[in-house]
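The structure presented is a predicted model; accordingly, all values stated were derived computationally and were not measured. All chains are named by letter (A, B, ...) in the order of the sequence lines, taking the proteins before the strands, and each is independently numbered beginning at 1.
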2 protein chains.
Amino acid sequence: MASLSPYTASSLKAELNSRGWRMTPQREKILHVFQNLPKGDHLSAEELHNLLEKRGEPISLSTIYRSVKLMARMGILRELELAEGHKHYEVNQPYPHHHHHLVCIQCNKTIEFNNDSILKQSLKQSEKEGFQLIDCQLTVMAICPEALRMGWPSGLPSNWSCTRSISESKKADSAAESEQKKETET
Amino acid sequence: MASLSPYTASSLKAELNSRGWRMTPQREKILHVFQNLPKGDHLSAEELHNLLEKRGEPISLSTIYRSVKLMARMGILRELELAEGHKHYEVNQPYPHHHHHLVCIQCNKTIEFNNDSILKQSLKQSEKEGFQLIDCQLTVMAICPEALRMGWPSGLPSNWSCTRSISESKKADSAAESEQKKETET
DNA sequence: GACTAATTGATAATAAATCTCAAATGCTCT
DNA sequence: AGAGCATTTGAGATTTATTATCAATTAGTC
Ligand SMILES: [Mn+2]
Ligand SMILES: [Mn+2]
Ligand SMILES: [Zn+2]
Ligand SMILES: [Zn+2]
């Protein structure tokens, strides 16, 4: 535990102090939570707040938001947009531990995957434009098998996919989708 | 104009009607705006609202939000998270017009780029897990040359990058960053 | 141990997006 | 062309994630 992560309480303190900032029990506890988070897990500010409260180490929601944002800017945490209306955080692990996310847009199940070539291509693209690469996040939006079994998401065309060529989209669209009707708006 | 996009007012009407929904002047105007949007541009709900207002064809903000969301679910628009706190929209163009975004996290300048291999790898990853691919979005977060000239973003370590190996991050971090201090919090 | 600036916690304030509902309107079927 | 009716709109209220404010506390320095 915590052995894979480069940050310890004392290295965090060093990093903070070097910038004129301070180590606090709150920041240490938050770091600890993320370091011991099971691989593949992500936390929102609210979830982190609840988790610490249940653990008997409550931290105010303001401080949670502030800390998590600060640690993201420091490069300790990574801020993720996992399509839900709120941000999620995880320990930031640069290359070669960098990874991306496959997300079910129906139930939000998330699966991580590694792919160095994406990072390589992001770097290439950044350099081509004279940008300095900070991070790159590929979010693959999809429907998981369980959600599929419940039926294709109402409101989505039955053949929706970014791989579908534009011309294809014009045929085979009329049948088999008259029972979907209103459901989306209710 | 509008020739590259598969949707016309009448094909949108057909698509809507086939689902028991209706074509309205509002929806037509919104479609029209996106179809004539310069390549590489993106609009937020608010921006679209202002644009139509200035054009003398005002549509209520509620309707803007509703329409843009509906059209995204129909596959007509693509909903983007461009690291700003609100969503942006563009005409959705499946393969082979599918593209990704390089974004300056300092000034939000956005540059589009094509890369079929990313789509291919997203598809592979989806299939491997039994997911049905809907869309994939690579967001490359970086600092643009202009922003770099204004100085490395305060609060960010001077060597922040997802390409930086973890071990490297431990050296060369002490000097040259004592003048950054408070600025972030003010 | 005292000094001082950074941090916390409680609360108020923002801002994006959604919800509510009466009035208006598009579509279908004569 | 017109009636009927479910859908849509617009105005405003509401929700929810996040940030701002500020007095009280606390960490780091000397
Ligand atoms: Mn992850
Ligand atoms: Mn784009
Ligand atoms: Zn799912
Ligand atoms: Zn910039």
Side-chain angles (χ1 to χ4, degrees), chain A residues 9-10 12-31 43-50 52-53 57-74 79-89 155 178 180-186, chain B residues 9-10 12-31 43-50 52-53 57-74 79-89 155 178 180-186:
Chain A
S10 69
L12 171 58
K13 175 167 158 51
E15 187 86 10
L16 285 166
N17 289 349
S18 80
R19 297 154 171 269
W21 298 335
R22 295 174 182 175
M23 182 54 143
T24 66
Q26 290 88 344
R27 287 170 179 174
E28 185 171 346
K29 279 170 196 158
I30 291 172
L31 175 68
L43 290 178
S44 67
E46 202 86 34
E47 288 165 342
L48 175 55
H49 183 246
N50 293 340
L52 282 162
E53 196 155 55
E57 298 177 327
I59 297 180
S60 87
L61 196 51
S62 307
T63 299
I64 297 277
Y65 272 109
R66 275 185 300 232
S67 304
V68 107
K69 182 73 69 179
L70 175 72
M71 291 165 82
R73 299 206 61 173
M74 291 177 70
E79 196 173 51
L80 302 171
E81 303 272 8
L82 297 179
E84 285 181 62
H86 57 270
K87 296 186 176 73
H88 279 203
Y89 296 86
S178 18
Q180 296 182 337
K181 286 209 172 210
K182 194 68 203 321
E183 292 156 39
T184 310
E185 319 290 282
T186 59
Chain B
S10 68
L12 171 57
K13 174 167 158 51
E15 186 88 9
L16 284 166
N17 290 348
S18 80
R19 297 155 172 270
W21 298 335
R22 295 173 183 176
M23 182 54 143
T24 66
Q26 290 87 345
R27 286 171 181 175
E28 185 170 346
K29 280 169 196 156
I30 291 171
L31 176 67
L43 290 178
S44 67
E46 202 85 35
E47 288 165 343
L48 176 56
H49 182 246
N50 293 341
L52 283 163
E53 197 155 54
E57 299 177 327
I59 297 181
S60 86
L61 196 49
S62 308
T63 299
I64 297 278
Y65 272 109
R66 275 186 301 233
S67 305
V68 104
K69 181 72 71 180
L70 176 72
M71 291 166 82
R73 299 207 62 175
M74 292 176 70
E79 196 174 51
L80 303 170
E81 304 272 9
L82 296 180
E84 287 183 59
H86 58 268
K87 297 187 174 69
H88 279 205
Y89 296 85
S178 16
Q180 296 182 336
K181 287 209 171 210
K182 193 68 205 319
E183 293 156 40
T184 311
E185 319 289 282
T186 59

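Side-chain N/O atoms of A:Arg22 and base N/O atoms of C:dT7 include no donor-acceptor pair closer than 3.5 Å. Side chain B:Arg27 to base C:dG26: no donor-acceptor pair is found below 3.5 Å. A donor-acceptor contact under 3.5 angstrom links the side-chain atoms of A:Ser62 to the base of C:dT11.
Picking from C:dA16, C:dT8, D:dT8 the nucleotide with the shortest atom distance to the side chain of A:Arg66 gives C:dT8. Closest to the side chain of A:Ser60, out of C:dG9, D:dT9, D:dG28, is C:dG9. Of the candidate nucleotides C:dT8, D:dT9, C:dC27, D:dT9 has the atom nearest to the side chain of B:Ser67.
Between A:Lys69 and D:dT19, a side-chain N or O to OP1/OP2 separation shorter than 4.0 Å is present. In this model, the phosphate group of D:dT9 is approached by a side-chain N or O of B:Thr24 to a distance below 4.0 Å at OP1 or OP2. In this structure, A:Tyr65 does not reach the D:dT19 phosphate: none of its side-chain N or O atoms is under 4.0 Å from OP1 or OP2. Look at A:Gln26 and you'll find a side-chain N or O under 4.0 angstrom from OP1 or OP2 of C:dG9. Residue A:Lys13 places no side-chain N or O under 4.0 Å from the OP1 or OP2 atom of D:dA27.
Nearest-nucleotide positions on DNA chain C place B:Gly85 closer to the 5' end than the other of B:Met23 and B:Gly85. In terms of position on DNA chain C, the residue among B:Ala45 and B:Pro25 whose nearest nucleotide sits closer to the 5' end is B:Ala45.
Regarding A:Leu52, its CG atom lies at a distance of 11 Å from the P atom of C:dG9, rounded to whole Å. If you take CG of A:Leu70 and C1' of D:dT19, they are 15 Å apart, rounded to a whole angstrom. Following rounding to the nearest Å, A:Asn50 (CG) and D:dT16 (P) show an atom-to-atom distance of 14 Å. Taking atom CD1 of A:Ile59 as the reference point, atom P of D:dT25 lies 19 Å away to the nearest angstrom. The CG atom of B:Asn17 sits 10 Å away from the P atom of D:dT8 (whole-angstrom rounding). One interatomic measurement links the two molecules: CD of B:Glu47 to C1' of C:dA17, which rounds to 15 Å at whole-angstrom precision. Rounding to whole angstrom units, NE2 of residue A:His86 and P of C:dA17 are separated by 15 Å.
B:Leu61 comes within 4.0 angstrom of no nucleic acid atom, judged by non-hydrogen atoms across all strands.
Salt bridge status for A:Lys69 with A:Glu79: present, with a side-chain N to carboxylate O gap under 4.0 Å.
In this structure a side-chain-to-backbone donor-acceptor pair under 3.5 Å is missing from A:Thr63 to A:Ile59. Side-chain N or O atoms of A:Glu47 include one that pairs as donor or acceptor with a backbone N or O of A:Ser44 at under 3.5 Å. A donor-acceptor pair is defined here as one N or O able to donate and one able to accept, closer than 3.5 Å; no such pair exists between the side chain of A:Arg22 and the backbone of A:Leu16.
For the pair B:Tyr89 and B:Leu43, the minimum side-chain heavy-atom distance is 4.5 Å or more.
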